[in-house]
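Encoded as C-alpha cells, the structure appears first; notes follow it.
Everything numeric in this text was worked out from a predicted model, so none of it was measured. Quick note: residue numbers are just sequence positions, from 1.
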Amino acid sequence: MEMRQDYIEFIDLLGFPEEDKKILINSFDTVMTSPAAVQKVHPFIENYKNGAWLDYFTYMGEYEKVLEEVCTNKLTDGLMFHLAMAAYSYPFFEKNGFSREVWVRSMKDFTFKNEECKVRYGVVGTFVNWFARWYFGNRAAFGRLQYESYTCYFDIEDEELSIKQGDDIVNIHIPSDKSAPLSDEEVDASLRQAAEYYGKLYGKDKIVFHCDSWMLHPCHMDKLPENSKIVKFAKRFKIFRVGEYSEEDIWRIFPIKEYDGVPENLPENTSLQKVYKQLLINKEPIGEAAGYFVYTL
C-alpha cells in the first residue's frame with residue numbers, strides 16, 4: 001500500500017524514536033487497513049494528496065467514527081491519523097513560499113506533541129487537536145519558534161506605529177522542543193527569518209509580533225532569575241492583557257495526568273516546578289498573558 005510506505009517514510013523523516021515508530025506503524029496496520037478506515041478515511045487522504053482542500057473537522061469526525069469500530073489506543077491512533085494526512089502537506093507549504101527545510105521543521109511539532117503525551121499519559125500519541133493550520137501551510141516553524149498570520153484583535157498606539165483591529169500581524173507559538181534552548185541567539189535567528197518572510201508577504205518593513213502564553217505572565221519576573229530564558233523571552237513583549245490560571249494547563253509545568261488541587265503533592269524536579277509549586281501554595285496569581293512588539297526590518 002503506497003499510503004503505508006509514505007507514512008513510514010514521513011515518521012522516519014521526523015525522527016520519531018524507534019520504539020514509538022513501531023507503535024505508530026502498528027496503529028496504522030491495525031486501524032487503517034480496517035474496512036471502516038478504507039471507507040471513511042482513505043478518501044480524505046487521497047483527495048488531500050491530490051491537492052484538494054481538507055475539511056479538517058469533518059475528517060476528525062470520520063476518524064472518530066472509525067475508532068468506535070477498531071482502535072489500539074485513541075491517543076496513539078489520533079496521532080497516526082494526523083501523521084497519515086500530514087505526510088502529504090508539503091505542496092501546501094511550497095505554495096505559500098516555504099522551503100522544504102521549513103516544512104520539515106514545522107512537521108516536527110508532531111514529535112513534540114508526542115513527547116507531551118508520553119509525559120502526561122504515558123503513551124505514544126497526542127491529546128491535542130490543533131493541527132489544522134499545519135495541513136494548509138498556514139503555520140510554519142522558522143528555527144525555534146512557530147508563526148502564523150493573524151488578524152489583530154486590539155487597538156494600541158505604539159510609539160513606533162499605530163496598531164488597529166483588523167491589521168495583519170504575526171502570532172508566535174513556543175513549541176515544547178526539549179532539544180533546542182529558548183536562547184537569545186535561537187530566538188533572534190528565528191524572528192529574523194520570520195520577519196523577512198512576513199515582511200515580503202505583507203509588503204511591510206515593520207512587523208507586529210504577538211504572543212499569548214503562560215511564559216509571558218508577570219509572575220515570572222520576580223520569581224525567576226534575570227538570566228532565565230523565560231524572563232528574557234517575556235521581556236521582548238509589551239504586555240497588554242493578563243489572564244487567569246487554568247488547572248487544565250498545569251501539565252505544561254508538571255508532568256501529571258490530573259491535578260488533584262493539592263499543590264503540596266506536586267513534584268519539584270526542576271527549578272520552574274519549585275517556583276510554581278510555591279506560587280500555588282501561596283495562592284499567588286499565575287496564568288497567561290498576551291503581548292506584542294514591533295520588529296523593524
Asn171 side chain to Glu148 side chain, donor-acceptor N/O pair below 3.5 angstrom: yes

Pair Ser89, Tyr48: side-chain N/O donor-acceptor within cut-off below 3.5 Å: no

Over-ring placement of Arg120 relative to Phe127, 6.0 Å and 45° cut-offs: yes

Electrostatic pair [X]-[Y], nearest N-O below 4.0 angstrom:
X: Asp20; Y: Lys118; value: yes
X: Arg144; Y: Glu186; value: no
X: Arg105; Y: Asp177; value: yes
X: Glu116; Y: Lys113; value: yes
X: Asp168; Y: Lys204; value: no

For the residue pair [X] and [Y], does the interplanar ring angle fall in the parallel (under 30°), tilted (30 to 60°) or perpendicular (over 60°) class?
X: Phe209; Y: Phe293; result: tilted
X: Phe154; Y: Tyr292; result: tilted
X: Phe110; Y: Tyr135; result: tilted

Aromatic ring proximity Tyr150/His210, centre distance under 6.0 Å: yes

Centroid separation His82 to Tyr63 less than 6.0 Å: yes

Joint hydrophobic cluster, Ile156 plus Ile169, side-chain heavy atoms closer than 4.5 Å: yes

Connected via hydrophobic side-chain network under 4.5 Å: Phe16 and Val123: yes

Verdict with supporting geometry, Glu157 and Ser162, side chain to side chain donor-acceptor pair (under 3.5 Å): CA-CA 5 Å; Glu157 290 297 328; Ser162 178; 2.8 Å; yes

Residue pairs passing the salt bridge (Lys or Arg N to Asp or Glu O under 4.0 Å) test where at least one lies in residues 259-274, sequence neighbours excluded: Glu268-Lys277

Between [X] and [Y], what is the shortest heavy-atom contact and its length?
X: Trp251; Y: Ile256; answer: CB-O, 4.2 Å
X: Gln273; Y: Pro255; answer: NE2-CD, 3.3 Å
X: Thr33; Y: Asp29; answer: OG1-O, 2.6 Å

All side-chain contact (heavy atoms from CB on, under 4.5 Å) counterparts of Lys223, not counting sequence neighbours: Val275, Leu279, Glu284

Lys229 vs Asp184, salt bridge (charged side-chain N to carboxylate O under 4.0 Å, His left out): CA-CA, chis, key distance, verdict: CA-CA 8 Å; Lys229 293 181 177 64; Asp184 288 343; over 6 Å; no

Would you check if the side chain of [X] reaches a backbone N or O of [Y] as a donor-acceptor pair within less than 3.5 Å?
X: Thr30; Y: Ser27; value: no
X: Asn96; Y: Gly137; value: yes
X: Ser106; Y: Val102; value: yes

side-chain contact (heavy atoms from CB on, under 4.5 Å) between Lys206 and Leu297, worked out: CA-CA 6 Å; Lys206 292 182 183 295; Leu297 290 162; over 6 Å; no

Lys49 and Glu2: CA distance, side-chain angles, deciding distance, salt bridge (charged side-chain N to carboxylate O under 4.0 Å, His left out) verdict: CA-CA 12 Å; Lys49 177 182 177 181; Glu2 183 181 0; 3.0 Å; yes

Phe98: which of Tyr147, Trp103, Tyr197 passes ring-ring contact (aromatic ring centres under 6.0 Å, His included): Tyr197

Sole residue of Phe142, Trp130, Trp134 in ring-ring contact (aromatic ring centres under 6.0 Å, His included) with His173: Trp130

Validation row: Phe81, Tyr59 side chains within 4.5 angstrom (heavy atoms): yes

Flag side-chain contact, heavy atom, 4.5 Å: Val294 against Leu161: yes

Can you list, pair by pair, the side-chain donor-acceptor contacts under 3.5 Å of residues 233-240, counting residues two or more places apart and other chains?
| from | atom 1 | to | atom 2 | distance (Å) |
| --- | --- | --- | --- | --- |
| Arg236 | NH1 | Asp188 | OD1 | 3.0 |
| Arg236 | NH2 | Asp188 | OD1 | 2.9 |
| Lys238 | NZ | Asp158 | OD1 | 2.6 |
| Lys238 | NZ | Glu159 | OE1 | 3.3 |
| Lys238 | NZ | Glu159 | OE2 | 2.8 |

CG on Asp155 to CD on Gln165, rounded to 0.5 Å: 4.5 Å

Rounded distance (nearest 0.5 Å) linking atom CE of Met3 with atom CE of Met32: 5.0 Å

